[in-house]
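Notes to accompany the following structure.
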Amino acid sequence: MTEKPFVDIRHAQKSFGSLEVLKDINLQVSRGQIVAIIGPSGSGKSTLLRAINDLDPLTGGEVWLEDTQVNKKLPHRQYEKHINQVRQDIGMVFQHFNLFPHLTVRENIKLAPKMLKGLSDAEADKLAEEQLDKVGMLERIDYYPSQLSGGQKQRVAIARALAMKPKVMLFDEATSALDPELVEEVNLVMKKLAEEHMTMIIVTHEMGFAESVCDRVLFMDQGVVVEEGPPDVIFRNPTNERTRNFLRKHL
Ligand code: ADP
Ligand code: MG
């Protein structure tokens with residue numbers, strides 16, 4: 001890679017007590033690149049994703065976003081300030097939508113831009129409308145989460161993350177809790193982001209989606225990156241036996 005990585009994970013190591021969950025993981029993502037992470041349950045995919053914004057701090061190694069080391073050691077106060085700043089640049093969408101149930105869609109989206117970026121109410125309103133329009137949810141702006149389907153909630157969750165104008169978006173099995181008929185509407189939003197060259201790291205169990213959207217695929221197993229490459233190679237011609245076994249069950 002000639003261009004300097006946008007997201008750079010170097011020698012990531014993570015243990016929970018005596019359980020080593022990430023073993024020397026290296027991942028470089030350039031600006032605008034879309035990377036899929038696949039692998040069996042328990043292989044460390046979520047832990048790796050959560051390490052990127054230091055939600056699950058690594059026990060070894062470094063995470064960089066552009067010129068900033070995300071997981072740098074700082075005195076508590078300075079760390080809080082630093083990490084709050086960094087997290088504004090990293091949008092994250094989880095399996096479960098995590099919308100605030102007592103707030104409308106509009107209020108869900110306005111909250112962080114107002115609190116963290118100091119936007120005025122009118123500015124935040126405009127932003128909420130723009131982002132909801134983008135995910136096709138403008139009509140539901142004054143609904144409560146409980147009045148939405150799972151797919152709609154997930155699209156709102158994406159809009160909420162985008163409202164912070166992140167540099168990178170992380171998705172952790174964003175569609176795996178959805179009824180099958182609702183998966184496509186969320187995938188379409190992610191495809192649209194891909195077309196706009198949003199930098200994305202996507203943990204997914206949907207191989208077809210990964211193949212059609214991503215530039216690179218990483219196969220993880222037991223805390224290591226077993227194999228990585230372009231989707232056509234990983235899905236059509238994997239060299240590693242563990243990758244082949246996994247894909248035999250999941251393609
Ligand atoms: P994946 O997302 O690939 O299913 P995870 O990253 O969630 O895998 O988990 C990897 C391993 O780490 C699993 O063995 C899991 O049980 C363990 N693990 C994850 N979070 C914790 C935690 N907070 N404490 C202890 N073990 C954990
Ligand atoms: Mg997971």
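Each residue takes its place number in the sequence, starting with 1. Order of appearance sets the numbers: ligands from 1, and atoms from 1 within every ligand. Keep in mind that this is a model prediction, so the values were computed, not measured.
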Measuring to protein heavy atoms, does anything land under 4.0 Å from atom 15 (C) of ligand 1?
-> no

With Q69, the side-chain contact (heavy atoms from CB on, under 4.5 Å) member among E62, R10, H82 = E62

Of all protein heavy atoms, the one nearest atom 8 (O) of ligand 1 is G44 N, 3.2 Å

What do you reckon, does F16 have a nitrogen or oxygen under 3.5 Å from a nitrogen or oxygen of ligand 1?
-> no

Geometric N/O contact L19 with ligand 1, under 3.5 angstrom = no

What atoms in ligand 1 come closer than 4.0 Å to a heavy atom of V21?
-> 10 (C), 11 (C), 12 (O)

In Å and rounded to the nearest 0.5 Å, what is the CD1 to CE distance from I37 to M220?
-> 6.5 Å

Ligand 1 contacted by G39 (non-hydrogen, < 4.0 Å) = no

For atom 3 (O) of ligand 1, grab the closest protein heavy atom and report residue, atom and distance to one decimal in Å.
-> K45 NZ, 2.8 Å

Should F219 and V225 count as side-chain neighbours, where that means a heavy-atom distance under 4.5 Å?
-> no

Are any of the protein's heavy atoms under 4.0 angstrom from atom 23 (N) of ligand 1, yes or no?
-> yes

Identify whether the distance between the nearest side-chain nitrogen and carboxylate oxygen of R244 and E241 falls below 4.0 Å.
-> yes

Nearest protein heavy-atom contact for atom 9 (O) of ligand 1: which residue, which atom, what distance?
-> T47 OG1, 3.8 Å

Close-contact set for ligand 1 against S43 heavy atoms, below 4.0 Å = 1 (P), 3 (O), 8 (O)

Given the rule in the side chain to side chain contact (heavy atoms under 4.5 Å, CB included) test, do I34 and I202 qualify, once you have shown the distances and angles that lead to the verdict?
-> CA-CA 8 Å; I34 299 153; I202 303 174; 3.8 Å; yes

If you measure from atom 13 (C) of ligand 1 to every heavy atom of G42, P40, S46, which option wins on shortest distance?
-> G42

Answer whether the closest heavy-atom distance between the side chains of L49 and F171 falls below 4.5 Å.
-> no

From the Mg ion (ligand 2) out to just under 2.8 Å, does an N/O/S atom of S41 turn up?
-> no

Measure the shortest side-chain to side-chain distance between F246 and P40 over non-hydrogen atoms and say whether it is less than 4.5 angstrom.
-> yes

Output yes when K191 and E196 qualify as a salt bridge under the 4.0 Å nitrogen-oxygen rule, no when they do not.
-> no

